[in-house]
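Written out below as structure tokens is the structure these notes cover.
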2 protein chains.
Amino acid sequence: MNEKIQEMKADILSAMAHPIRLKIIEKLRQGPCCVCRIIPYVGGEQSNVSHHLAILKRAGILSSEKKGLEVWYEVTDPVIFEILDLIKYPLIKELKRKNNLLNALVEND
Amino acid sequence: MNEKIQEMKADILSAMAHPIRLKIIEKLRQGPCCVCRIIPYVGGEQSNVSHHLAILKRAGILSSEKKGLEVWYEVTDPVIFEILDLIKYPLIKELKRKNNLLNALVEND
DNA sequence: ATAGTATATGATAATATTTACATATATTCA
DNA sequence: TGAATATATGTAAATATTATCATATACTAT
């Protein structure tokens, strides 16, 4: 049982773990948005963005609604934004660690 | 600049996004632990676990220290545990959504 | 009905990740 | 020194992900 939960958590994380998909999620921080504005925001090909949207939707991270010709996406749970905000901290720690290495390298040439 | 940060965030998420690696992190919730106890906990081959440990370390999620013959690993930033705790919520939401589909399917045969 | 627009889907090649096996390294102990 | 142990590394095959191109679908307006 716990194994399966671990797997599902990994699936959600994998769905988030791509630069284009993170950019899509960031765009949706402002609120729901149609694909026609997501595409120019993230850059890249229409069909590629569409695939990434599908991956996020399959993982349950996004939901979508049709409005006439347009499709509007939104983040289903704002906790996703919290997670992305928290990721900042290990990133800072890691960059500081690398900075220390840099200093050590430069100082005692 | 922001693009690069997005990429680095994606790298940390990718490093976390694997069932074995999540299991390693869960094991380390109790505190630092040597590889010799991580391997039987997560199951799987020694060299495979070692590779996964290396991936987590490269991402800055784990750090390691040699103690005689053993190598002890630990999670560098407890915020990692917070993130894994938060992932639970979109997961619950997603499973509820699927449960609704199930009900709809069963009720109006 | 037809044309035009927004988005999704399918197929495939390119690329990356994962696993398994074999071997290497580092440390301890006799 | 040599054997034993814990862990890491190299490599290659199996598998999964990504990007691209072509095409399909759904809707709107004429």
Side-chain angles (χ1 to χ4, degrees), chain A residues 3-4 6-28 32-76, chain B residues 3-4 6-28 32-76:
Chain A
E3 302 276 303
K4 195 59 197 169
Q6 225 62 302
E7 256 178 61
M8 289 187 294
K9 281 191 175 186
D11 286 345
I12 292 185
L13 287 168
S14 307
M16 295 173 71
H18 188 285
I20 290 182
R21 297 198 290 267
L22 287 183
K23 210 164 175 192
I24 290 171
I25 293 171
E26 280 310 325
K27 174 71 179 167
L28 295 174
C33 177
C34 79
V35 178
C36 59
R37 265 174 292 147
I38 293 173
I39 292 173
Y41 181 80
V42 308
E45 231 208 315
Q46 178 272 321
S47 77
N48 195 22
V49 175
S50 189
H51 276 132
H52 286 300
L53 285 167
I55 288 168
L56 287 165
K57 192 176 172 184
R58 236 184 296 124
I61 294 169
L62 303 186
S63 64
S64 69
E65 195 192 352
K66 204 146 197 212
K67 284 192 184 176
L69 256 187
E70 298 177 344
V71 178
W72 286 61
Y73 280 84
E74 71 182 320
V75 170
T76 54
Chain B
E3 302 276 302
K4 193 60 196 168
Q6 224 62 302
E7 255 177 61
M8 288 187 295
K9 282 191 175 185
D11 287 343
I12 292 185
L13 288 168
S14 307
M16 295 172 71
H18 188 285
I20 291 181
R21 297 199 290 267
L22 287 183
K23 211 165 175 192
I24 290 171
I25 294 170
E26 280 310 325
K27 174 70 180 170
L28 296 174
C33 177
C34 79
V35 178
C36 57
R37 266 175 291 145
I38 294 173
I39 292 173
Y41 181 80
V42 308
E45 232 208 316
Q46 178 271 321
S47 77
N48 195 22
V49 175
S50 189
H51 275 134
H52 285 300
L53 286 167
I55 288 167
L56 287 166
K57 192 176 172 185
R58 236 184 296 123
I61 294 170
L62 303 186
S63 64
S64 69
E65 193 192 355
K66 207 150 193 203
K67 284 192 185 176
L69 256 187
E70 298 178 343
V71 178
W72 286 61
Y73 280 85
E74 71 182 317
V75 170
T76 53

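Each chain gets a letter, A, B and so on, in the order the sequences are listed, and its residues count up from 1.
Counting only N and O atoms by type, the side chains of A:Glu70 and A:Trp72 include a donor and acceptor under 3.5 Å apart.
Sequence order on DNA chain D of the closest nucleotides to A:Val49 and B:Glu70 puts B:Glu70 first from the 5' end.
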Given A:Val42 and A:Lys27, is the side chain to side chain contact (heavy atoms under 4.5 Å, CB included) satisfied, shown in steps? CA-CA 8 Å; A:Val42 308; A:Lys27 174 71 179 167; 5.5 Å; no
Set out, in order, the CA-CA distance, both residues' side-chain angles and the distance that settles salt bridge (Lys or Arg N to Asp or Glu O under 4.0 Å) for B:Glu26 and B:Lys23, then state yes or no. CA-CA 5 Å; B:Glu26 280 310 325; B:Lys23 211 165 175 192; over 6 Å; no
Does the side chain to side chain contact (heavy atoms under 4.5 Å, CB included) test come out yes or no for A:Lys67 and A:Cys34, once each step is laid out? CA-CA 9 Å; A:Lys67 284 192 184 176; A:Cys34 79; over 6 Å; no
Verdict with supporting geometry, A:Leu62 and A:Thr76, side chain to side chain contact (heavy atoms under 4.5 Å, CB included): CA-CA 5 Å; A:Leu62 303 186; A:Thr76 54; 5.6 Å; no
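Across C:dC21, C:dA8, C:dT19, the shortest atom-to-atom separation from the side chain of B:Asn48 is found for C:dT19. Set against D:dT20, D:dA6, C:dA20, the side chain of B:Glu45 has C:dA20 as its closest nucleotide. Of the candidate nucleotides C:dA20, D:dA22, D:dA6, C:dA20 has the atom lying nearest to any side-chain atom of B:Ser47. Comparing D:dG10, C:dA8, D:dT7 by their closest approach to the side chain of A:Val71 singles out C:dA8.
In this structure, A:Ile39 atom CD1 and C:dA6 atom P are separated by 9 Å, rounded to whole Å. As a whole-Å value, the separation of A:Arg58 CZ from D:dT17 C1' is 11 Å. Straight-line distance from the NE2 atom of A:His51 to the P atom of C:dG10: 8 Å, rounded to whole Å. In this structure, CD1 of A:Ile38 is placed 12 Å from C1' of C:dA6, rounded to the nearest angstrom. Distance CG (A:Leu53) to C1' (D:dT18): 15 Å, rounded to an integer number of Å.
Side-chain atoms of B:Gln46 and base atoms of D:dA8 include a donor and an acceptor less than 3.5 Å apart.
Of the residues in residues 7-28 of chain A, A:His18, A:Arg21 come within less than 4.0 Å of DNA chain D through at least one heavy atom, sorted by number.
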If the sugar-phosphate is the primed atoms plus P, OP1 and OP2 and the base is the rest, what is the B/S/- string for nucleotides 24-30 of chain C, using protein heavy atoms under 4.0 Å? --BBS--
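Across all non-hydrogen atoms, the minimal contact from A:Val35 to A:Tyr73 is CG2-CE1, 3.4 Å.
At a threshold of 4.0 angstrom between heavy atoms, the contacts of B:His52 are confined to the sugar-phosphate backbone, with no base atom among them.
For the pair B:Tyr73 and D:dA8, the criterion of a side-chain N or O lying under 4.0 Å from OP1 or OP2 is met.
Note that CD1 of A:Ile25 and CE of A:Met16 are 5.0 Å apart. Values are rounded to the nearest 0.5 Å.
With a 4.5 Å cut-off on side-chain heavy atoms, A:Leu13 and B:Leu22 count as touching.
Here B:His52 pairs with B:His18, B:Ile20, B:Arg21, B:Ile24, B:Asn48, B:Ile55 under the side-chain contact (heavy atoms from CB on, under 4.5 Å) rule; sequence neighbours left out.
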